[in-house]
Amino acid sequence: MKRVVMLFAEGFETVEALMAVDVLRRGGVGVTMASINEDEVVRSSHGVEVGMDAVLGEVDVADYDAVILPGGMPGTLHLGESEAVKKTVLAMNEAGKIVAAICAAPGVLGKYGLLEGKKACSYPSHEENLTGAEVLRIPVVKDGNIITSRGLGTAAEFAFALLTALEGAEKTEQIKEAIVWSE
């Protein structure tokens, strides 16, 4: 079974995070929701409290196939300020594993130098944070092991891109049919 860890910080964007968690779990991917602090419950930018599966400090990232950073404010700022997040993201990238971010969070990847020479996208007002990237204005961009997306309105496409990268297009089509997804 493929496994991913999603990193939650206080002020994350609810739908961006939980859409990916839901689609991936439906597709048979093990998802660990990990708080970047010691919090067992993390509150979204709109006051939705979500129980965590783990705390980042207790997670061995070597056991995972991908790391996902949801957007939202001030959640993205907290992700970018965390040394534990930086260490996790850089280790996953170094291992050639999937590193994914949506909305403002691709800017965290830019801050870490992971977008140099890559194509990427983000929430429009955060495009300047995609340091070194060729900025595209499409819902999802996959360049090598990096997957980025623009925001809440592209959360489903982001989740489908993650599932396809992990489990293949056939599994993604099965899930789209099961949830009555229409394009």
Side-chain angles (χ1 to χ4, degrees), residues 3-27 29-59 61 64-93 97-112 114-115 120-130 139-142 146-163 165-166:
R3 297 178 68 206
V4 304
V5 59
M6 180 174 285
L7 306 184
F8 283 78
E10 196 76 14
F12 69 92
E13 207 306 310
T14 314
V15 173
E16 293 168 1
L18 297 182
M19 174 66 88
V21 170
D22 184 276
V23 167
L24 290 170
R25 286 182 176 173
R26 286 173 189 260
V29 176
V31 179
T32 299
M33 298 187 303
S35 168
I36 69 165
N37 300 312
E38 299 295 314
D39 305 321
E40 292 181 14
V41 173
V42 179
R43 183 186 303 265
S44 79
S45 58
H46 293 96
V48 177
E49 294 184 347
V50 177
M52 296 291 105
D53 301 313
V55 170
L56 180 56
E58 301 167 352
V59 172
V61 295
Y64 291 86
D65 301 291
V67 60
I68 306 169
L69 306 181
M73 285 296 172
T76 297
L77 298 175
H78 298 313
L79 291 171
E81 295 164 354
S82 167
E83 282 302 313
V85 170
K86 182 177 183 178
K87 181 180 173 187
T88 298
V89 169
L90 292 177
M92 294 292 278
N93 186 65
K97 296 182 178 183
I98 295 168
V99 176
I102 185 170
C103 194
V108 174
L109 307 184
K111 178 179 178 177
Y112 299 159
L114 301 184
L115 301 179
C121 64
S122 74
Y123 192 77
S125 64
H126 290 268
E127 290 175 348
E128 73 237 12
N129 299 325
L130 302 179
V140 178
V141 177
K142 183 177 185 310
I146 306 286
I147 301 173
T148 54
S149 189
R150 299 192 76 200
L152 187 149
T154 64
E157 289 93 339
F158 181 61
F160 297 144
L162 290 165
L163 184 58
L166 291 160

Side chain to side chain contact (heavy atoms under 4.5 Å, CB included) between F12 and I36, intermediate numbers included: CA-CA 11 Å; F12 69 92; I36 69 165; over 6 Å; no
More than 12 heavy atoms of other residues, nucleotides or ligands under 6.0 Å from CD of E128: is that the case?
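Buried by this count: over 12 neighbours within 6.0 Å.
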For V140 and I147: C-alpha separation, side-chain torsions, deciding distance, then whether side chain to side chain contact (heavy atoms under 4.5 Å, CB included) applies. CA-CA 7 Å; V140 178; I147 301 173; 3.9 Å; yes
Between [X] (side chain only) and [Y] (backbone N and O only), is there a donor and an acceptor less than 3.5 Å apart?
X	Y	answer
T148	A101	no
S82	H78	no
K142	A161	no
T154	G151	yes
S149	P139	yes
E16	A155	no

Exercise for the section: With salt bridge (charged side-chain N to carboxylate O under 4.0 Å, His left out) as the test, would you mind laying out the steps for R25 and D53 before giving the verdict? Expected result: CA-CA 14 Å; R25 286 182 176 173; D53 301 313; 3.0 Å; yes
Mind running side chain to side chain contact (heavy atoms under 4.5 Å, CB included) on E10 and R43 for me, showing each step along the way?
CA-CA 5 Å; E10 196 76 14; R43 183 186 303 265; 3.0 Å; yes
Closest heavy-atom pair, I102 versus P70, reported as atoms and distance to 0.1 Å, is CG2-CA, 3.8 Å
Looking at every heavy atom in both A34 and L56, which two are closest together, and how far apart are they?
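Looking at all heavy atoms of both residues, the closest pair is CB-N, 4.1 Å.
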* Apply side chain to side chain contact (heavy atoms under 4.5 Å, CB included) to the pair V42 and V50, showing each step before the final yes or no. => CA-CA 5 Å; V42 179; V50 177; 5.7 Å; no
(request) Could you go through the salt bridge (charged side-chain N to carboxylate O under 4.0 Å, His left out) check for K111 and E81 one step at a time? (result) CA-CA 10 Å; K111 178 179 178 177; E81 295 164 354; over 6 Å; no
